Amino acid sequence: MRIAVAGGTGQVGAHVVEVARLRGHDVVVLARSVGVDLVTGSGAADAMRGVDVVIDVAATTTMNKSTATAFFEATTRTLFAAEQAAGVGHHIALSIVGIDGVDAGYYGAKLAHERAVMAGAIPWTILRATQFHEFAGQVYERGAFGPFHVALRMRTQPIAAREVAERLVNLAEGAPTGRATDLAGPREEQLVDMVRAYARSQGARGWIPAMSLPGEWGRAMRDGSALPSVHADLGQQTFAEWLDAR
Ligand SMILES: NC(=O)c1ccc[n+]([C@@H]2O[C@H](COP(=O)([O-])OP(=O)(O)OC[C@H]3O[C@@H](n4cnc5c(N)ncnc54)[C@H](OP(=O)(O)O)[C@@H]3O)[C@@H](O)[C@H]2O)c1
């Protein structure tokens, strides 16, 4: 099967590419670093030739609702146009557990992303996953103010990006299902503890203060809205095991 991975150089995308190749699939990466810009559309149509399934794990680093919404709407528009022209039969997008009713910040943008996928002409599957273990590193790096770092307060049940990638490739090997069963990690963690443990594993010794994001999105991060329901599938690797294995 020929699988296009939009964002195939990212945290989860690189795993998707590796897992799909290990299973014998022919993989094409769609990312700016390989000459495909999914916002402007440059290079997308050529790259899409002969593709059977698209797994979309492209992302923007901004957490701003309107900027991130514009990104996901533009990239989905580009992908669907190229997919229609190439006769792609299945579009898979990755979203986030617990975003229903939180139409603010980055979660608001992911709701807009899901709406764009559901309104498209290509049969689709949306997988919602919790935060990756790798999210600790993303928050640490993006929470830098000069030499200082802050960590966000959040209740999360993180999962290894590798396990999310395996699920995404499983979904690509099957028929479109609409909303797939949510995927979460094996146990709840505090994001602040994860970020501090990640920083220590990198040799950083400085104090990392905890910070609460203001507004509806910040409240949803803290109040457990991002935790999975009892119906979610749970992965195997804990955050501590992931950190030890790095
Ligand atoms: N991180 C988490 O904890 C988490 C949890 C659940 C769901 N998700 C979802 O998973 C998805 C992937 O997240 P991630 O953290 O793995 O992302 P990431 O590491 O930031 O990677 C983003 C990818 O998108 C590509 N990209 C960015 N702008 C692009 C453009 N204009 N055209 C083409 N490609 C572009 C990047 O490659 P180039 O820079 O080379 O273009 C990169 O491959 C997102 O939809 C996110 O909402 C993330």
Side-chain angles (χ1 to χ4, degrees), residues 4-19 27-48 54-65 67-79 81-82 91-99 102 105-114 116-117 125-142 152 154 156-165 167-168 171 180 182-185 189 191 194-195 198 217 221 225-228 232 235 239 242:
V5 184
T9 57
Q11 291 282 359
V12 70
H15 286 293
V16 173
V17 168
E18 195 174 280
V19 169
V27 177
V28 51
V29 172
L30 313 178
R32 289 167 302 179
S33 44
V34 296
V36 179
D37 190 325
L38 295 170
V39 173
T40 65
S42 159
D46 284 347
M48 202 62 81
V54 169
I55 299 176
D56 178 15
V57 285
T60 170
T61 51
T62 179
M63 298 288 120
N64 174 275
K65 180 184 169 184
T67 314
T69 296
F71 175 87
F72 287 119
E73 288 180 345
T75 52
T76 303
R77 215 168 26 243
T78 297
L79 285 169
H91 178 101
I92 300 170
L94 183 60
S95 189
I96 302 176
V97 164
I99 61 176
V102 193
Y106 190 71
Y107 286 9
K110 291 304 288 183
L111 284 169
H113 184 196
E114 291 188 355
V117 171
T125 300
I126 293 174
L127 173 67
R128 286 182 175 179
T130 52
Q131 290 62 50
F132 311 149
H133 295 327
E134 289 81 350
F135 188 55
Q138 291 176 319
V139 170
Y140 177 72
E141 301 302 340
R142 292 171 191 175
L152 297 179
M154 179 180 195
T156 176
Q157 193 159 320
I159 181 161
R162 182 70 171 201
E163 293 186 69
V164 176
R167 174 61 58 89
L168 286 166
L171 292 167
D182 290 358
L183 185 60
E189 310 278 356
L191 181 58
M194 291 167 58
V195 172
Y198 171 85
W217 181 38
M221 291 175 81
S225 296
L227 297 174
F239 177 72
W242 171 83

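Quick caveat, the model's predicted, so the values are computed rather than measured. One-based numbering, in listed order, for ligands and for the atoms of each.
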among protein heavy atoms, the one nearest atom 34 (N) of ligand 1 is Ala31 CA, 3.5 Å
Which of parallel (below 30°), tilted (30 to 60°) and perpendicular (above 60°) describes Phe239 and His133? perpendicular
With heavy atoms and a 4.0 Å threshold, my read on which part of Val34 contacts ligand 1 is neither
Here the pair of heavy atoms bringing Thr62 nearest to Asn64 is OG1-N, 3.1 Å
Ligand 1 to Ala58, heavy atom cutoff 4.0 Å, flagged ligand atoms 24 (O), 44 (C), 45 (O)
Notebook entry, point to check: Hey, are the side chains of Val36 and Leu38 touching, using non-hydrogen atoms and a 4.5 Å cut-off?
Noted result: yes
The atoms of ligand 1 lying under 4.0 Å from a heavy atom of Ala129, numbered in the order shown, are 6 (C)
task = Looking only at distances, please establish whether an N/O atom of ligand 1 is found under 3.5 Å from an N/O atom of Gly13.
result = no
Closest non-hydrogen contact found for Met48 with Ala82 is CG-O, 3.6 Å
- Is any N or O atom of His113, backbone or side chain, closer than 3.5 Å to an N or O atom of ligand 1? no
In this structure, atom 42 (C) of ligand 1 is nearest to the protein heavy atom Thr9 OG1, 3.5 Å
Next item on the list: Kindly confirm or rule out an N or O of Lys110 lying under 3.5 angstrom from an N or O of ligand 1.
Entry: yes
Rounded to the nearest 0.5 Å, the CG atom of Leu168 sits from the CG atom of Leu94 at a distance of 5.5 Å
Next on the checklist: Within the 4.5 Å heavy-atom criterion, are Met194 and Tyr140 side-chain neighbours or not?
Outcome noted: no
One finds that the ligand 1 atoms under 4.0 Å from a non-hydrogen atom of Ile96 are 6 (C), 7 (C)
Taking every heavy atom of Val29 against every heavy atom of Gly8, the minimum-distance pair comes out as CG1-CA, 3.9 Å
Nearest non-hydrogen contact to atom 14 (P) of ligand 1 from the set Tyr106, Phe72, Phe132, Tyr107 belongs to Phe132
the protein heavy atom lying closest to atom 33 (C) of ligand 1 turns out to be Val36 O, 3.4 Å
- Should Val97 be listed as contacting ligand 1, given a heavy-atom distance under 4.0 Å as the test? no
Checklist entry - Between Tyr106 and Lys65, is there a cation-pi geometry (under 6.0 Å to ring centre, at most 45° from the normal)? => result no
To the nearest 0.5 Å, atom CD1 of Ile96 lies from atom CD of Gln131 at 6.5 Å
Does any N or O of ligand 1 fall below 3.5 Å from an N or O anywhere on Leu38, backbone included? yes
Of Gln138, Arg128, Arg142, the residue with the heavy atom nearest atom 15 (O) of ligand 1 is Gln138
protein heavy-atom neighbour closest to atom 27 (C) of ligand 1 works out as Ala59 O, 3.2 Å
*Side-chain (Asp182) to main-chain (Ala184) donor-acceptor, under 3.5 angstrom*: no
Audit row: His113, Glu73, side chain to side chain contact (heavy atoms under 4.5 Å, CB included) steps and yes/no: CA-CA 6 Å; His113 184 196; Glu73 288 180 345; over 6 Å; no
Numbered in order shown, the ligand 1 atoms found under 4.0 Å of a heavy atom of Ser33 are 40 (O)
Problem set entry | Audit row: Val39, Arg32, side chain to side chain contact (heavy atoms under 4.5 Å, CB included) steps and yes/no | CA-CA 10 Å; Val39 173; Arg32 289 167 302 179; over 6 Å; no
If we count only N and O atoms by modelled type, under 3.5 Å, do the side chains of Thr156 and Glu189 hold a donor and an acceptor together? no
protein heavy-atom neighbour closest to atom 19 (O) of ligand 1 works out as Gln11 N, 2.8 Å
| contact_flag Ala6 ligand 1 heavy-atom lt 4.0 Å | no
Check your understanding: Is the shortest distance from a heavy atom of Asp37 to ligand 1 less than 4.0 Å?
Key -> yes
Note: ligand 1 atoms sitting under 4.0 Å from heavy atoms of Ser95 are 6 (C), 7 (C)
Atom 23 (C) of ligand 1: closest protein heavy atom, distance to 0.1 Å, is Gly7 CA, 3.6 Å
For Val39, the ligand 1 atoms with a heavy-atom partner under 4.0 Å come out as 31 (N)
So the atoms of ligand 1 within less than 4.0 Å of a heavy atom of Phe135 turn out to be 3 (O)
If you scan protein heavy atoms around atom 39 (O) of ligand 1, the nearest is Arg32 NH2, 2.9 Å
Where do Phe132 and His15 land on the side chain to side chain contact (heavy atoms under 4.5 Å, CB included) test, with the steps shown first? CA-CA 12 Å; Phe132 311 149; His15 286 293; over 6 Å; no
Numbered in order shown, the ligand 1 atoms found under 4.0 Å of a heavy atom of Gly10 are 19 (O), 21 (O), 42 (C), 43 (O)
closest protein heavy atom to atom 16 (O) of ligand 1 is Val12 N, 3.1 Å
Per side chain to side chain contact (heavy atoms under 4.5 Å, CB included), Leu127 is matched among Val57, Leu183, Val97 by Leu183
